[in-house]
Amino acid sequence: MTIATAPSASPALETLVRRDREVWEACAPSYEDRIVHGHPDVQAYLGFEDDLIDRLLIYLVRDCGRRVRLHDVGCGSGRLHLRYGRQLAFGGEERTEPALAAGLESISGVDFSSRMLDLARRKLVAAGLEPLLGSRLQLEEGSAFDLPALGADPLPVVVTLCNTLGVMQGPTGAGRLFAALRRAVGAGGIALVSCYQREAVEGYALGNYESTLDVSGQPRWLTPASFATSAYRQVPRHYKRAYDPSPGIEVDVFDRSGRLVQGGHVLTRDAKLTRDAIRTGHIRTHSDYESRWYSFRRLDSWIAEHWSGMQTHHVRGAALDALRGGPAQVAFLDGSGLLAGLLRRHGHTRGGGRRCRRVG
Ligand SMILES: C[S@@+](CC[C@H](N)C(=O)[O-])C[C@H]1O[C@@H](n2cnc3c(N)ncnc32)[C@H](O)[C@@H]1O
C-alpha cells in the first residue's frame with residue numbers, strides 16, 4: 001500500500017514517513033508486549049490518558065447532551081477501540097458507564113502500520129467485538145496528515161495520544177498533524193493532543209528508553225555500542241523506573257538464534273550525549289527509531305500557527321493528574337467552547353467558553 005501524504009508534502013517528509021512506517025511495522029509486536037503491556041511508567045501514563053478521555057467523553061455526553069464520535073489518529077493497536085468498544089457492546093452491564101453507552105456513536109481510527117492494525121483487530125475479536133468491526137468500530141490504514149472532515153453531528157472528538165505527535169516524522173510532521181486536526185474537526189469539533197514534554201526528559205525519559213531498548217534500540221547516550229546492531233538483541237534485566245537517576249543499566253545480549261552471547265553487559269550514560277538528549281528532547285537510538293519530546297513553548301507555537309481563531313487550551317499534565325500526568329502536556333482545540341467548564345473544574349481558569357449544565 002502507498003501511504004499518501006497531501007499533494008504538497010515535501011520529499012523529506014515522504015522519506016521520513018516511509019522510514020517510520022517500516023520502523024513501526026518491525027516493532028509492532030514487541031511494542032505491544034514490552035511497552036503497552038509492560039513498562040510500569042508507560043502504563044501509568046496510559047492510565048492518565050484513559051481517565052482523561054473518559055472524563056471528557058462523559059462530560060460531553062452526560063453534561064453537554066451531545067452525541068459523540070471518537071476518532072483516534074495514530075491509533076496503533078486499538079487501545080481506545082477496545083476500551084470504548086466494550087461500552088458500545090456491553091452498555092448497561094456491570095462496569096460500563098451508562099452515559100457512554102448512550103451517547104458514544106462510534107470509534108474510528110487511522111494508522112499507517114498494518115501490523116499495528118492487525119494487532120488491534122485481533123484484540124477486538126478476542127474481546128467479542130467482531131460484530132461492531134466495520135460499522136461502529138473502524139480501523140483504517142492511512143496517513144495522519146490526510147484526515148477527512150468529520151462533520152458536525154455527531155460531535156467529532158479527534159485524539160492523538162501517547163506521544164504519537166513526537167513520533168510523527170519530526171517537527172514538519174508535527175505541524176502537519178496540527179493542521180490536519182483542525183481540518184478534521186471543522187468549526188465546532190474537538191481535537192486533543194496528549195504528548196510528553198521536553199521538560200521531562202531528564203527525570204523521566206532516560207530511564208524509560210533505557211529499559212525498553214529491546215524495542216526501540218539502544219539510546220545513543222548509552223555506551224559502549226558493541227552490540228547495538230541488528231545482529232544482537234539486548235534485553236534489560238529489569239524495568240528501569242522513570243525517576244531512577246542511576247547512570248547505567250545491565251542487559252543480557254542474545255544473538256539472532258536466541259543464544260546468550262553475554263550476560264550482565266553494562267551500558268553507561270555518556271555525559272555529553274545525555275546532556276544533548278535532555279537539552280533537545282530528541283531521543284535517538286542506534287536503530288531508525290526516533291522520538292521527540294517537544295517543549296511546552298513549541299506546542300504553543302503550533303497551536304498559535306494552526307489553530308488560530310479557535311478556542312484552545314494547553315495544559316501541563318500535572319495540572320490534570322498530579323500523580324501520573326507529570327511528564328505530559330495536553331493541547332485542546334475546542335471548536336464550540338464546550339470544554340471550558342470541564343477544565344475549570346480542574347482548576348484551569350484561562351479562556352472563556354460555555355458551561356454545560358451539570359458543571360460549576
Ligand atoms: C506511540 S504509538 C501510539 C499508539 C496508540 N495511539 C496508543 O496510544 O497506544 C504511535 C503510532 O503512530 C503511528 N504513526 C506514526 N506516524 C504516523 C503517520 N504519519 N500516519 C499514521 N500513523 C502514524 C505508528 O504506526 C504508531 O502506531
Side-chain angles (χ1 to χ4, degrees), residues 1-6 9-10 12-39 41-53 70-84 107-121 123-124 139-148 157-181 184 191-196 205 208-209 212 215-216 283 288-294 327-328 330:
M1 196 199 84
T2 310
I3 291 289
T5 51
S10 66
L13 183 60
E14 298 215 1
T15 306
L16 289 177
V17 167
R18 268 196 298 278
R19 183 204 66 178
D20 284 357
R21 184 169 177 249
E22 278 172 29
V23 167
W24 286 98
E25 291 291 63
C27 79
S30 53
Y31 176 82
E32 178 74 359
D33 182 46
R34 294 272 303 161
I35 298 187
V36 176
H37 294 292
H39 199 290
D41 296 309
V42 178
Q43 291 193 333
Y45 179 71
L46 298 181
F48 153 68
E49 290 186 336
D50 286 347
D51 287 346
L52 177 65
I53 306 290
L70 182 63
H71 188 65
D72 187 1
V73 180
C75 62
S77 58
R79 173 159 66 108
L80 296 192
H81 286 73
L82 187 59
R83 185 174 185 81
Y84 297 113
I107 300 111
S108 49
V110 63
D111 200 287
F112 67 6
S113 162
S114 60
R115 288 188 86 193
M116 284 299 226
L117 295 171
D118 281 347
L119 283 169
R121 265 182 221 104
K123 288 196 307 197
L124 296 174
L139 293 161
E140 187 203 337
E141 187 175 333
S143 164
F145 308 138
D146 290 338
L147 306 178
V157 176
V158 185
V159 300
T160 304
L161 304 180
C162 195
N163 205 40
T164 295
L165 177 80
V167 297
M168 219 160 244
Q169 295 81 58
T172 310
R176 290 287 294 274
L177 177 70
F178 271 87
L181 291 172
L192 180 160
V193 177
S194 164
C195 61
Y196 292 127
N208 252 353
Y209 284 98
T212 53
V215 179
S216 37
I283 310 293
D288 275 341
Y289 177 89
E290 277 187 66
S291 175
R292 287 184 166 77
W293 292 38
Y294 294 115
V330 186

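Read the numbers this way: they start at 1 and go in the same order the structure lists the ligands and their atoms. The figures here come from the full heavy-atom set of this structure, side chains too, leaving out hydrogens, waters and symmetry mates.
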Inset, instruction - Specify side chain, backbone, both or neither for Ser77, according to which of its non-hydrogen atoms lie closer than 4.0 Å to ligand 1. - result: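 Neither part.
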Would you say the side chain of [Y] lies within less than 4.5 Å of the side chain of [X], judging by non-hydrogen atoms?
{"X": "Leu192", "Y": "Ile53", "result": "yes"}
{"X": "Leu161", "Y": "Arg79", "result": "yes"}
{"X": "Leu117", "Y": "Cys75", "result": "yes"}
{"X": "Leu52", "Y": "Glu49", "result": "no"}

[X]-ligand 1 polar pair, N/O distance under 3.5 Å:
{"X": "Asp111", "answer": "yes"}
{"X": "Phe112", "answer": "yes"}
{"X": "Glu49", "answer": "no"}
{"X": "Arg79", "answer": "yes"}

Legend entry - Asp72 side-chain N/O to Gly109 backbone N/O, donor-acceptor pair under 3.5 Å: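 No.
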Legend entry - Sidechain-backbone polar pair: Glu140 side chain, Ser108 backbone, donor-acceptor under 3.5 Å: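 The answer is no, because no donor-acceptor pair under 3.5 Å joins these two groups.
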Inset, instruction - Determine whether any heavy atom of Thr164 lies closer than 4.0 Å to an atom of ligand 1. - result: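 Yes.
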Please identify which atoms of ligand 1 are closer than 4.0 Å to at least one heavy atom of [X].
{"X": "Gly142", "value": "20 (N), 21 (C)"}
{"X": "Met116", "value": "27 (O)"}
{"X": "Gly76", "value": "4 (C), 27 (O)"}
{"X": "Ser113", "value": "25 (O)"}

Inset, instruction - Classify the side-chain pair Ser77/Tyr31 by whether it contains a donor and acceptor separated by less than 3.5 Å. - result: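 Distance-only check fails for Ser77 and Tyr31.
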Legend entry - Ionic contact status for Arg21 with Glu141, cut-off 4.0 Å: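 So Glu141 pairs with Arg21 through a salt bridge.
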Legend entry - Shortest heavy-atom approach to atom 5 (C) of ligand 1 - which of Gly74, Cys162, Ala144, Ala120: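 Shortest heavy-atom distance from atom 5 (C) of ligand 1: Gly74.
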